[in-house]
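Heads up: numbering here begins at 1 and tracks the sequence. All ligand and atom numbering here is 1-based and tracks the order in the structure.
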Amino acid sequence: MAEFHVSVLAEQLSAAVAPAINAHPEAAVVDATCGAGGHTAAILGRGRPARVILIDRDPAALAHARTRLAGSACPLEFRHARFSELGKILDELQIPQISALIADVGVSSHQLDAGERGFSFRADAPLDMRMDPTRGQTVAELLATIEVGELAELLRRFGEEAEARRIAAAIVAARPETTGALASVVENAMSGRARRALGKRIHPATKTFQALRIFVNAELDELEALLEVGPQRLCVGGRMAVISFHSLEDRMIKRRFAALSRAPQVPRELPLTAAQLPKASYAVPAGFPRKGVQADEAERARNPRSRSARLRVIERVMP
Ligand SMILES: C[S@@+](CC[C@H](N)C(=O)[O-])C[C@H]1O[C@@H](n2cnc3c(N)ncnc32)[C@H](O)[C@@H]1O
């Protein structure tokens with residue numbers, strides 16, 4: 001059986017947050033994307049936080065991680081929830097501040113590989129794509145009623161699909177209900193020029209599948225909520241580490257971290273010395289690359305999924 005999920009950038013991520021965890025052993029750590037529990041396992045290999053809160057919107061991931069991490073020396077708390085519920089969860093657990101927050105956003109290998117979840121065109125299955133199969137609208141339900149204009153906008157925005165309009169028109173005409181049917185509608189709708197530009201290695205429906213998945217899971221809204229609340233909950237010296245897999249997400253993380261690292265503006269005419277100027281409350285940790293970290297050649301060869309991954313880290317340096 002294929003592995004549930006092979007963690008990406010696990011060494012780099014655990015090394016990046018270890019100083020914060022070891023400086024505050026009394027504080028909790030949050031793993032906002034539990035998945036197979038691989039990143040938490042890597043963190044526990046480097047230190048012993050007071051406890052770890054593991055969040056995932058996919059019950060299958062939580063069940064897997066619970067078994068994998070059983071017997072851990074550190075107390076673990078599993079929560080079936082979304083990023084946007086992070087503040088509420090921490091309030092319920094009476095945890096005002098944490099030493100580290102990690103997130104590895106996107107889908108797990110299990111979600112992609114389990115054909116019946118409807119994420120992939122590699123297996124024919126009902127079009128579902130919900131990371132949380134217990135709630136929300138499936139892609140098939142969405143495609144049953146959506147209008148061409150709205151669908152084209154969605155494909156452009158979340159898939160950066162250049163032929164969004166003609167693909168949307170073909171999808172609405174066919175209203176496919178399975179992954180296989182959607183993949184062939186998109187393939188047939190796409191111009192020969194666009195298909196040739198993709199080459200043999202990229203399926204013509206890749207961007208359409210990505211856009212629909214991002215939309216039904218509200219992935220960008222979820223990430224925005226995490227980027228808003230996460231940094232506020234770090235203690236001074238606490239670190240937040242986020243791995244993303246495409247430019248839409250990485251852009252959001254980069255901009256939010258850059259905004260947090262900017263000192264508050266003061267009117268130029270105020271008579272302040274350099275020492276009196278307000279400082280930013282967050283900064284990229286000393287020694288960590290400002291552009292983030294990507295997988296090295298060995299990891300890329302071992303795990304092709306790591307090729308598009310980028311890890312960014314921020315530290316709270318002031319209250
Ligand atoms: C790439 S996997 C994480 C793998 C994990 N870091 C590991 O090393 O095993 C991403 C996980 O995040 C979950 N996820 C994605 N978006 C989420 C959200 N908004 N709220 C909660 N979980 C989310 C997915 O269900 C999936 O299980």
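Under a 4.0 Å N-O distance rule, the pair Glu3/Arg305 does not qualify as a salt bridge.
Checking Arg46 against Ser14 by side-chain atom types alone, a donor-acceptor pair falls below 3.5 Å.
Pro278 places a side-chain heavy atom less than 4.5 Å from the side chain of Val266.
Ring centers of Phe209 and Phe121: under 6.0 Å apart, within the cut-off.
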What are the polar N/O contacts of ligand 1 with the protein below 3.5 Å, with distances?
{"residue": "ligand 1", "atom": "6 (N)", "partner": "Thr33", "partner atom": "O", "Å": "3.4"}
{"residue": "ligand 1", "atom": "6 (N)", "partner": "His39", "partner atom": "ND1", "Å": "2.9"}
{"residue": "ligand 1", "atom": "6 (N)", "partner": "Asp104", "partner atom": "OD2", "Å": "2.9"}
{"residue": "ligand 1", "atom": "8 (O)", "partner": "Ser7", "partner atom": "OG", "Å": "2.6"}
{"residue": "ligand 1", "atom": "8 (O)", "partner": "Gly38", "partner atom": "N", "Å": "3.4"}
{"residue": "ligand 1", "atom": "8 (O)", "partner": "His39", "partner atom": "N", "Å": "3.1"}
{"residue": "ligand 1", "atom": "9 (O)", "partner": "Ala36", "partner atom": "N", "Å": "3.0"}
{"residue": "ligand 1", "atom": "9 (O)", "partner": "Gly37", "partner atom": "N", "Å": "3.3"}
{"residue": "ligand 1", "atom": "9 (O)", "partner": "Gly38", "partner atom": "N", "Å": "3.1"}
{"residue": "ligand 1", "atom": "19 (N)", "partner": "Glu222", "partner atom": "OE1", "Å": "3.1"}
{"residue": "ligand 1", "atom": "20 (N)", "partner": "Phe83", "partner atom": "N", "Å": "3.1"}
{"residue": "ligand 1", "atom": "22 (N)", "partner": "Arg57", "partner atom": "N", "Å": "3.2"}
{"residue": "ligand 1", "atom": "25 (O)", "partner": "Asp56", "partner atom": "OD1", "Å": "2.7"}
{"residue": "ligand 1", "atom": "25 (O)", "partner": "Gln111", "partner atom": "NE2", "Å": "2.9"}
{"residue": "ligand 1", "atom": "27 (O)", "partner": "Asp56", "partner atom": "OD1", "Å": "3.3"}
{"residue": "ligand 1", "atom": "27 (O)", "partner": "Asp56", "partner atom": "OD2", "Å": "2.7"}

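Screening Asn217, Leu182, Leu127 for a side chain to side chain contact (heavy atoms under 4.5 Å, CB included) with Leu212, the sole residue that qualifies is Leu182.
Remark: Gln97 engages no residue in a side-chain hydrogen bond (donor to acceptor under 3.5 Å, both in side chains) (not counting sequence neighbours).
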